[in-house]
Amino acid sequence: MSKKLSAGKSDFFNALRWAAAMVVVIGHIDMVGMQLYGDKRTGISDFYTYLSSHAHAAVIVFFVLSGYLIAYSSHNKKQRKDYTFKDYFLDRWSRIYSVLPAAIVFTLVLDYTGSFFSPAYLNPALVPQDNWGLRLFVNLFSLQGIQGYRIQLGTNPALWSIGYEFVYYILFGLIFFRRKLFKNKVVFVSIIFLILCVIGIKMAGYFLIWLLGVLSFYLSRRIKLKVSGLRLTIFLLGFLMLNHFVGYKNSFGLAEYWNDFILAFYLG
């Protein structure tokens, strides 16, 4: 039986998630401000705009943490002999769909109400106005990231990451329960390969980043490392420096994915 997360590790994860969430919120607010006002924004500090530019990196933090915590939870629950893929899927499905429909309804209501007060809601350059049925369908069923697309619903572009997470939950579940689900290895490999082809190279590439969190969990079970306050401080400063030069400055001139992979590898 795997041990429960220590109080210190749990607090660290919660603090990291809270900080990443705040950066994502700031990033989306600043993005809307840029769309509406461009360079005419006043009273915005350089630190605020610098912080908002790290919103994408904050999502990568969520991906790695998600992989770690899903692996941790699944490993613990698998100690029960009666824990099946169905139980796993219901756990993951309920985690997303306990809030996703409410978020979609909230988006639609706010957008409809806002359209009476601001013409920006009716500007297709800011808010998609076409194919509402398709946009609603793919966001409701977490398909909005398939083949690299970001099919935005109204003023809520943040839903793209939900589509990625949901697909990663399914892929990890199939891999984690492969011995119970598949008697034939060829069938297992074929199904995983088919899913990767359907979701496309971009989403498949970020699945590797998500899996770095899974890998870090299994390594943490084998490698016992005592973490002091000093080590933790050095780690966090290192991550901020790496993010500045790799994610923000792009000092190595790499494509976005490889910058994200470097950040995820360090965090993992």
Side-chain angles (χ1 to χ4, degrees), residues 1-31 33 43-76 95 158 160-162 164-165 168-169 172 205-268:
M1 178 69 74
S2 182
K3 295 181 179 179
K4 294 181 64 175
L5 287 177
S6 66
K9 185 178 285 188
S10 181
D11 289 343
F12 172 68
F13 283 163
N14 287 333
L16 199 59
R17 286 193 290 191
W18 182 88
M22 287 302 297
V23 172
V24 169
V25 169
I26 291 171
H28 280 288
I29 292 173
D30 194 47
M31 178 187 70
I44 302 296
S45 69
D46 291 338
F47 177 73
Y48 179 86
T49 55
Y50 175 76
L51 196 61
S52 71
S53 68
H54 297 300
H56 180 76
V59 175
I60 301 305
V61 171
F62 276 120
F63 279 174
V64 177
L65 283 177
S66 175
Y68 182 98
L69 293 171
I70 295 304
Y72 163 80
S73 173
S74 301
H75 177 81
N76 272 2
R95 185 173 181 83
W160 73 268
S161 61
I162 299 297
Y164 279 57
E165 284 282 356
Y168 298 163
Y169 289 167
F172 176 75
Y206 277 90
F207 181 53
L208 292 178
I209 286 178
W210 193 89
L211 285 175
L212 287 174
V214 176
L215 176 62
S216 69
F217 165 73
Y218 285 105
L219 286 177
S220 72
R221 297 184 65 242
R222 292 179 174 271
I223 303 172
K224 302 303 179 183
L225 185 66
K226 185 175 178 59
V227 181
S228 63
L230 177 61
R231 284 182 176 177
L232 186 59
T233 301
I234 293 173
F235 157 74
L236 290 174
L237 289 176
F239 182 76
L240 292 175
M241 291 292 290
L242 186 67
N243 187 35
H244 175 80
F245 288 106
V246 173
Y248 179 69
K249 291 280 192 180
N250 193 12
S251 300
F252 301 113
L254 301 175
E256 181 182 66
Y257 174 80
W258 293 112
N259 288 332
D260 293 341
F261 190 90
I262 291 172
L263 291 175
F265 185 84
Y266 179 92
L267 181 62

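Please read these numbers as outputs of a predicted model, since none were measured by experiment.
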Mind checking the CG-NE2 spacing from D260 to H56? Nearest 0.5 Å is all I need.
-> 3.5 Å

Rounded to the nearest 0.5 Å, the CG atom of L267 sits from the CG atom of L212 at a distance of 9.5 Å

When you measure from the side chain of [X] to the backbone N and O of [Y], does any donor-acceptor pair fall under 3.5 Å?
X	Y	answer
S52	I26	no
N14	W18	no
S66	F62	no

Please work out which of the three classes, parallel, tilted or perpendicular, describes the rings of Y164 and F63, given edges at 30° and 60°.
-> parallel

Which atom pair, heavy atoms only, marks the closest approach of [X] to [Y]?
X	Y	value
I209	V64	O-CG2, 4.1 Å
G27	A55	CA-CB, 3.8 Å
A57	L263	CB-CD1, 4.0 Å
Y218	A71	CE1-CB, 4.3 Å
Y257	G205	OH-O, 2.6 Å
S216	G268	CB-O, 3.1 Å

Is the centre of the Y68 ring less than 6.0 Å from the centre of the F13 ring?
-> yes

With a 4.5 Å heavy-atom cut-off, do [X] and [Y] have their side chains touching?
X	Y	result
I70	F217	no
L254	I262	yes
L69	R17	yes
N250	E256	no
I29	Y48	yes
Y72	S220	no

Anything under 3.5 Å between a donor and an acceptor, one on a side chain of residues 228-244, the other on a protein residue two or more places apart or in another chain? List them.
unit_1 : atom_1 : unit_2 : atom_2 : d
S228   : OG     : R231   : N      : 3.2
R231   : NH1    : K226   : O      : 2.6
T233   : OG1    : G229   : O      : 2.8
N243   : ND2    : H54    : ND1    : 3.0
H244   : ND1    : Y50    : OH     : 2.7

Partner of F207 under ring pair (Phe, Tyr, Trp, His ring centres under 6.0 Å), chosen from F261, Y169, Y168 = Y168

